[in-house]
Peer 1: 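Can you read through this structure? Questions will come right after.
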Amino acid sequence: MTGTERSIILIGFMGTGKSAVGQQLAQFTGRVCLDTDEMVAQACGMPISQIFERLGEERFRDEESAVLHELDADLPSVIVTGGGVVLRPANVARLRELGSVVCLRADLPTLVRRLEKGSGRPLLAAENLADTVERLLLERQPLYDDAADFTVDTSALGPKQVALAIQDALAR
Ligand code: S3P
């Protein structure tokens, strides 16, 4: 199976543009776009912020892992994941089973600018956004790097340009 016949999975830190790029890729490829955050929210019957608040982060992670196992490996789709999906090695193994894993990244000032607008992300509720983003990125960058087949920097690109770059790379 070639890169373009398998699912395309987007991983990466919050604010790297996974959702917008996923929508664009779905449009270009005619595939369905599945968002694991949305699937978790639906399974729990509440938004992500409430899942963290009422049930805790660990429960959210359990639901996230469960959702990955419900995805159909035989249906080539675009799969958008939450920024913490790489925290569990079993999740990464599952994603690699499902298709090509593409990491989106962006530089720190760009991430902070994009995330400043606020979006109900529970992990970013702390006082100093830049410090929190920097700390989480330091912890996670090696995990993103290990999990990805390749990475696209979205700092200076719009969703359409990023989606085109991904399609190009997969067609090679
Ligand atoms: C998280 C990222 C969020 C969501 C949850 C936890 C994380 O998804 O899954 O708030 O740990 O980085 P986005 O990356 O789509 O914001």
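Model, not experiment: these values are computed from the prediction. Both counts, for ligands and for their atoms, begin at 1 and track the order of listing.
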Peer 1: Hey, are E116 and R113 close enough for a salt bridge, meaning a charged N less than 4.0 Å from a carboxylate O?
Peer 2: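 Here E116 does not pair with R113 in a salt bridge, since their nearest N and O are not under 4.0 Å apart.
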Peer 1: Under the side chain to side chain contact (heavy atoms under 4.5 Å, CB included) criterion, do V102 and D149 qualify, and how do the steps go?
Peer 2: CA-CA 6 Å; V102 182; D149 289 307; over 6 Å; no
Peer 1: What do you reckon, does R61 put a non-hydrogen atom under 4.0 Å from ligand 1?
Peer 2: yes
Peer 1: Measure across L34 and S77 and return the closest heavy-atom pair with its distance rounded to 0.1 Å.
Peer 2: CD1-OG, 3.9 Å
Peer 1: Out of K18, R31, Q23, which one pairs with V78 under the side chain to side chain contact (heavy atoms under 4.5 Å, CB included) rule?
Peer 2: R31
Peer 1: Can you list the atoms of ligand 1 that are under 4.0 Å from a heavy atom of L123?
Peer 2: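 Answer for ligand 1: 7 (C), 11 (O).
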Peer 1: Tell me: protein heavy atom nearest atom 10 (O) of ligand 1, and distance?
Peer 2: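 The answer is P122 CD, 3.6 Å.
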Peer 1: Under a 4.0 angstrom heavy-atom cut-off, which atoms of ligand 1 come close to R140?
Peer 2: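 Answer for ligand 1: 7 (C), 11 (O), 12 (O).
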Peer 1: With heavy-atom distances below 4.0 Å as the criterion, list the atoms of ligand 1 near K18.
Peer 2: 13 (P), 14 (O), 15 (O)
Peer 1: Hey, can you tell me if Y144 and F13 have their rings parallel, tilted or perpendicular (30° and 60° cut-offs)?
Peer 2: perpendicular
Peer 1: Considering I51, L115, V80, D37 one by one, which has a heavy atom nearer to atom 3 (C) of ligand 1 than any of the others?
Peer 2: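 Closest candidate by heavy-atom distance is D37.
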Peer 1: Distance to 0.1 Å, residue and atom name: give those for the protein heavy atom nearest to atom 16 (O) of ligand 1.
Peer 2: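 Among all protein heavy atoms, the one nearest atom 16 (O) of ligand 1 is R121 NE, 2.6 Å.
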Peer 1: Sort out for me which residue in L87, D146, V86 forms a side chain to side chain contact (heavy atoms under 4.5 Å, CB included) with V92.
Peer 2: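 Answer after filtering L87, D146, V86: V86.
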Peer 1: Is it true that atom CD of Q42 has more than 12 heavy atoms of other residues, nucleotides or ligands lying nearer than 6.0 Å?
Peer 2: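 Counting neighbours around CD of Q42, 12 or fewer heavy atoms of other residues, nucleotides or ligands fall under 6.0 Å, so no.
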Peer 1: For R88 and E58: C-alpha separation, side-chain torsions, deciding distance, then whether salt bridge (Lys or Arg N to Asp or Glu O under 4.0 Å) applies.
Peer 2: CA-CA 11 Å; R88 290 190 175 180; E58 216 36 41; 3.0 Å; yes
Peer 1: Can you tell me if E57 contacts ligand 1 (heavy atom of the residue under 4.0 Å from the ligand)?
Peer 2: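 It does not; every heavy atom stays at 4.0 Å or beyond.
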Peer 1: Just need the protein heavy atom nearest to atom 2 (C) of ligand 1, so name the residue and atom and give the distance.
Peer 2: G83 N, 3.3 Å
Peer 1: Look at atom 5 (C) of ligand 1 and find which of T16, I11, I48, L104 reaches it with the closest heavy atom.
Peer 2: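 Closest candidate by heavy-atom distance is I48.
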Peer 1: Give yes if a backbone or side-chain nitrogen or oxygen of G84 is under 3.5 Å from a nitrogen or oxygen of ligand 1, and no if not.
Peer 2: yes
Peer 1: State the atoms of ligand 1, each with its element, that fall below the 4.0 Å cut-off from a heavy-atom position in G82.
Peer 2: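 So the answer, numbered in order with elements, is 8 (O), 9 (O), 14 (O).
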